[in-house]
Amino acid sequence: SARRQMDTRTAVSHRDDSHWTWRRTRRYVRPVCRRKTMYVDFEDLGWQSWIIAPEGYSAFYCDGDCIFPLGLNMNATNHAIVQLLLHTVKSQTMPKPCCSPTKLSAISVLYFDDNSNVILKKYRSMKVKACGCH
Amino acid sequence: DSTGFYTDNGLEQSVMVSRIPHRVKKEFQQEILTLMGLHHKPKPRAPGKETSAPRFMIDLYNKLHGSGASGSIEDDDEDEHPHFFSRTLENEMPKLNSSDVIMSFVNHVHKIHFLRHERDRTFFFDFGEVSPQETVTGAELRLYKAKDRRGRHTTYHIEVFTIQQGVDEQDKILVPETNHLVSSDFEGWILMNVTNAADSWTIMPASNMGLYLKITDMSTGQELRPNHIGIVGHRGDPDKQAFLVCFFKMSQQLHVRRTR
């Protein structure tokens, strides 16, 4: 909290230096770790000649910072808290926890093969159901 | 020019990833194909979605996903349902319970030289693209029988044999695979269990020499051609052509992707 207040004050006191302020402000407002949308469209890939269903799927991805306090972040692991403490002490050498998928799910795809046979297959770990700090 | 990839632009609104260079887009596509276990984009020859095998699979897909709204499928959590098709249609198709992959095979008997002249009695299903690491949990030969036009009430004995190599190269032997009794007035799909044959073809694709169908009138002992009792042959309706459905359980090792 003290660090964040300092950052805010610094950003305000250097408003004249637009480049520097932008960097500081951007760092401060970067969103916390969360799931974001990414859609893979099989039709737009031109794959409708062999993929029968689905037309596409929401793959999602994880993005954002794992910042203190980790309670702000979705699904922070216990180890992520320890990792962040270490990072706070040794920021130059210890990396921050990463924002990455914590829960994945499968999709089923119905498609033709080269012999015009039809395959209904499960593909695991294709969709992000939840993100968190690791 | 669409890319096929759409991402969140931070304003709770999806936008096309329009700045992906062509080369990178190709690499993305190749990565997704690799995730799907494919080396290249399949190029099916004139795939007719109205023929029997694709229609069966599309119906199955729609049943498994409720309304069939293909763009909004929510599949099972992986930890809760170790096998994919476990939650629905268990009464209808018990083999779904232990299956990860379902595959329908089109009859390619016309491609096999020694089977060509018996096209309605013989079947050849190409298992060349099935990985030997997949385990067959069940296989059904599906034959459509229309009403018997002869108008007699009788029972038919339907036998399916696997064709195997004899001692000489020219010799072929028939090994019983399964059999089924059907009434002359039956109309619909006849399911013949050919799990043993599919299992052999998966492990040893070279042993696949096709299937042979034999039909006997139980009241006279006379052998009949399939079309005589109403079984739809290669000249019949496309949506009633015979096909094979095979259920596979994938080896867990297949999910470990190799480092490239």
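Within every chain, numbering begins at 1; the chains are lettered A, B, ... in the order of the sequence lines, protein sequences first and strands thereafter. All values below come from the heavy atoms of this structure, side chains included, with hydrogens, waters and symmetry mates left out.
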Asks: Any side-chain heavy-atom pair from B/Leu33 and A/Trp47 closer than 4.5 angstrom?
Replies: yes
Asks: Give me the atom names and distance for the closest heavy-atom approach of B/Met36 to A/Lys121.
Replies: O-NZ, 4.2 Å
Asks: In Å, rounded to the nearest 0.5 Å, how long is the span from NZ of B/Lys41 to OH of A/Tyr111?
Replies: 15.0 Å
Asks: Show me the donor-acceptor pairs, under 3.5 Å and distance only, between side chains in residues 77-87 of chain A and residues at least two apart or in other chains.
Replies:
| from | atom 1 | to | atom 2 | distance (Å) |
| --- | --- | --- | --- | --- |
| A/Thr77 | OG1 | A/Ala80 | N | 3.1 |
| A/Thr77 | OG1 | A/Cys133 | O | 3.3 |
| A/Gln83 | NE2 | A/Pro95 | O | 3.0 |
| A/His87 | ND1 | A/Met94 | O | 2.7 |

Asks: Measure the shortest side-chain to side-chain distance between B/Tyr61 and A/Val118 over non-hydrogen atoms and say whether it is less than 4.5 angstrom.
Replies: no
Asks: Taking atom NE2 as the centre, does B/His22 end up with more than 12 heavy-atom neighbours from other residues, nucleotides or ligands that are less than 6.0 angstrom away?
Replies: no
Asks: What distance separates A/Leu120 CG from B/Leu60 CG, expressed to the nearest 0.5 Å?
Replies: 6.0 Å
Asks: Less than 3.5 Å apart, which donor and acceptor atoms pair up between the side chains of residues 201-208 of chain B and the rest of the protein, not counting sequence neighbours?
Replies:
| from | atom 1 | to | atom 2 | distance (Å) |
| --- | --- | --- | --- | --- |
| B/Thr202 | OG1 | B/Ala198 | O | 2.7 |
| B/Ser207 | OG | B/Met204 | O | 2.7 |
| B/Asn208 | OD1 | B/Gly210 | N | 3.2 |
| B/Asn208 | ND2 | B/Phe125 | O | 2.7 |

Asks: I need the B/Lys43 NZ to A/Asp113 CG distance, nearest 0.5 Å.
Replies: 14.0 Å
Asks: Going from CG on A/Asn117 to CE on B/Met103, what distance comes out if it is rounded to the nearest 0.5 angstrom?
Replies: 4.5 Å
Asks: For B/Gln29, is it the side chain, the backbone, both or neither that has a heavy atom under 4.5 Å from a heavy atom of chain A?
Replies: both
Asks: Indicate yes or no for a side-chain donor-acceptor contact from A/Asp41 to the backbone of B/Phe5 under 3.5 Å, with no hydrogens or angles considered.
Replies: no
Asks: Which distance, rounded to the nearest 0.5 Å, do you find between the NZ of A/Lys122 and the CG of B/Leu64?
Replies: 12.0 Å
Asks: Provide the closest heavy-atom pair for B/Val106 versus A/Ser116 in the form atom of the first, atom of the second, distance.
Replies: CG2-O, 3.3 Å
Asks: If you round to the nearest 0.5 Å, how far is NE2 of B/His108 from CG of A/Asn115?
Replies: 4.5 Å
Asks: Answer with side chain, backbone, both or neither: which region of B/Leu244 has an atom nearer than 4.5 Å to a non-hydrogen atom of chain A?
Replies: neither
